[in-house]
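In what follows, a single structure is set out as structure tokens and then discussed.
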Amino acid sequence: MPADFNYYINRQGARGRQGIQGEPGFSPVVTVNTDTATEYILNIETADGVLTTPNLKSTPLNYVAGAGNYVMYDPSTQQIYNSDAPDELVLRTDLATVDDPGIIQIADDEDFDEDADDVAVTPKQLNAAIAGVEGEIPTNYVTTNTIQTISGAKTFSLGVNFGDNILLLNGSDVVFRDDSLTPSLVFLSSINGGNLAIKHSGTSKTILTDIDVDDTTIEVNTAGKLHVIGAAAPDEIDGGIEQPGTKVFTITTNSADVTISNPSVTVTQSTPGTTTVTYSNASNNSTLNLTINYANNSVVANGTVRTLDPESSRWITSEVSNSEILNDSTTTWYIFTFDPLTLTIAVNP
Amino acid sequence: MTVSDNYYIDAVVIRGESKTHSVSINQKTEDGLDFEPFDLSNYYIRFRVLGSATLDALVLIEKNITQVSDENEEGIITDASNGQFQFHITAEDTNTLGTGKFPISIEVMDADTEEPVFTLTEGGYQGEFSKIQIVEV
């Protein structure tokens with residue numbers, strides 16, 4: 001049954017009545033105050049007046065307010081200032097020291113001359129100082145590619161390598177090696193009183209050339225040979241066999257191998273030529289002068305030997321020649337024996 | 001917001017005479033697409049005649065309308081399940097009020113707590129409000 005008045009809960013209600021007309025609003029007016037590459041500032045006219053904005057563009061960190069090599073950063077303004085004179089800047093004007101940070105100044109020629117300790121050196125300056133004047137040999141530094149004279153004493157504790165010919169210094173030994181002589185190494189050791197000891201580590205022959213042995217003792221151990229390879233002129237080996245009593249012999253050989261084996265001396269001659277052997281025994285004043293002539297597979301040894309006759313105690317000089325011949329399939333030995341020396345001449349045709 | 005068909009009650013009563021006006025209350029269905037009667041079973045109606053259409057208005061007449069109130073004095077909830085009730089203006093009420101327009105307030109009250117649940121006559125429109133008019137013949 002319809003009622004006089006029907007209510008509907010939460011039904012959209014009637015439109016509200018028009019509100020009172022509001023007062024006119026205020027539209028702010030924006031104008032540009034500054035517009036540059038680094039600044040953008042606006043003026044905003046409000047109901048209360050004009051408002052000026054700060055710079056709306058961020059300041060580049062590398063913004064420079066001046067010119068010069070000295071720089072200062074002011075965090076309060078986020079500005080970087082620079083100047084030619086450090087005293088024009090407020091912050092960080094002190095030069096850097098070993099103990100304190102500061103600004104760095106690059107050295108000039110005067111700083112180098114005065115040995116300044118408060119400036120920095122650039123790589124270019126350092127390289128120039130090391131290299132020296134172009135065309136001139138640096139005097140303050142040792143370089144790797146210039147010919148220099150070292151006037152100071154140097155100690156190379158780990159050895160020095162001189163290219164193909166390696167000279168190694170190890171203690172008191174000086175080693176000379178020539179690759180053409182491989183596998184041998186020749187050690188020249190203990191240069192002492194003019195005596196030059198020669199050792200080699202290989203089993204093959206060690207050939208020495210252009211060695212000045214004047215006034216020099218070349219020591220060959222008992223198992224070694226001293227082989228003189230001569231050319232047209234005879235080579236002379238003048239030395240001594242250390243035996244009880246001082247004995248000296250001289251062997252002048254032309255293309256002969258001389259083997260010194262205490263107390264024997266072996267001369268091996270495989271090429272035609274002449275070898276002279278002079279042996280003297282200071283203990284008994286015996287001497288042997290022998291000339292060995294090898295030619296056509298034949299050895300003729302002639303000479304004299306002076307010995308002391310024990311019975312008469314008189315010195316006797318005798319002729320000596322080939323005294324004994326031994327043969328094998330390849331070698332012929334001519335043995336000359338006189339106390340205490342045995343001279344063996346081996347001929348290998 | 002609760003809205004009547006006419007948005008506002010404008011009940012005219014001749015002075016010296018009594019009159020009964022009927023009211024129905026509807027609410028939205030569960031699906032929100034229609035309206036269905038509001039069940040007044042657990043409520044009663046508080047009917048007031050105000051001295052002015054303001055919050056601090058003087059209450060000139062107040063009647064509680066229930067399912068058992070006097071239909072010739074206060075009025076009565078005639079069909080609680082269908083949300084229908086009547087409010088009654090007595091001849092004495094008209095003499096008490098005198099001629100004129102008097103804002104009224106109709107509130108749905110919780111029967112147990114006696115607290116208002118909602119007001120049927122809230123709001124105003126173009127200066128209008130729910131009222132009764134006491135008129136001379």
Side-chain angles (χ1 to χ4, degrees), chain A residues 1-63 73-79, chain B residues 1-13 19-30 32-40 43 45 47 75-79 82-89 104 106-108 117-132:
Chain A
M1 172 178 168
D4 295 331
F5 305 100
N6 298 288
Y7 280 92
Y8 298 87
I9 301 174
N10 291 329
R11 188 174 76 174
Q12 178 66 38
R15 179 186 179 88
R17 65 187 180 90
Q18 180 71 36
I20 299 174
Q21 176 69 34
E23 296 180 0
F26 183 86
S27 297
V29 178
V30 180
T31 58
V32 177
N33 179 308
T34 305
D35 186 2
T36 66
T38 58
E39 285 187 316
Y40 187 73
I41 300 173
L42 301 176
N43 289 330
I44 302 176
E45 182 182 351
T46 67
D48 298 325
V50 177
L51 170 68
T52 301
T53 69
N55 181 12
L56 300 180
K57 285 189 177 180
S58 62
T59 303
L61 191 60
N62 60 348
Y63 176 74
Y73 173 72
D74 186 350
S76 64
T77 61
Q78 295 184 332
Q79 294 290 322
Chain B
M1 178 181 177
T2 302
V3 181
S4 70
D5 287 336
N6 299 331
Y7 296 109
Y8 299 99
I9 293 176
D10 190 358
V12 178
V13 183
K19 189 163 185 186
T20 299
H21 294 279
S22 60
V23 179
S24 69
I25 304 175
N26 300 277
Q27 64 181 359
K28 279 190 175 181
T29 57
E30 191 170 335
L33 300 178
D34 204 348
F35 286 86
E36 61 187 8
F38 179 83
D39 190 349
L40 288 172
Y43 305 92
I45 304 299
F47 176 88
I76 191 171
I77 296 177
T78 55
D79 188 352
N82 286 314
Q84 296 187 358
F85 68 93
Q86 295 175 346
F87 66 88
H88 185 77
I89 305 297
I104 62 173
I106 301 177
E107 298 171 291
V108 177
V117 177
F118 56 87
T119 303
L120 295 178
T121 56
E122 66 180 0
Y125 177 64
Q126 294 182 343
E128 292 293 326
F129 45 84
S130 294
K131 59 184 178 298
I132 60 173

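Below, all heavy atoms of this structure are taken into account, side chains as well, without hydrogens, waters or symmetry copies. From a predicted model like this one, the values you see are computed outputs, not experimental measurements. Sequence lines set the chain letters: A, B, ... in the order given, protein chains first and strands last, and positions in each chain run from 1.
- Separation of atoms CZ (B/Phe35) and OH (A/Tyr7) is listed at 14.5 Å; rounding is to 0.5 Å.
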**OP:** Walk me through it: do B/Asn26 and A/Ile9 pass the test side chain to side chain contact (heavy atoms under 4.5 Å, CB included)?
**Re:** CA-CA 6 Å; B/Asn26 300 277; A/Ile9 301 174; over 6 Å; no

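- Interface residue B/Phe38: only side-chain heavy atoms are found under 4.5 Å from chain A.
- Heavy-atom distances place the backbone of B/Asp10, and not its side chain, under 4.5 Å from chain A.
- Atom CD1 of B/Ile106 is separated from atom CZ of A/Phe5 by 8.0 Å, given to the nearest 0.5 angstrom.
- Side chain of A/Asp4 to main chain of B/Ser22: a donor-acceptor pair is present (N/O by atom type, distance under 3.5 Å, no hydrogens or angles).
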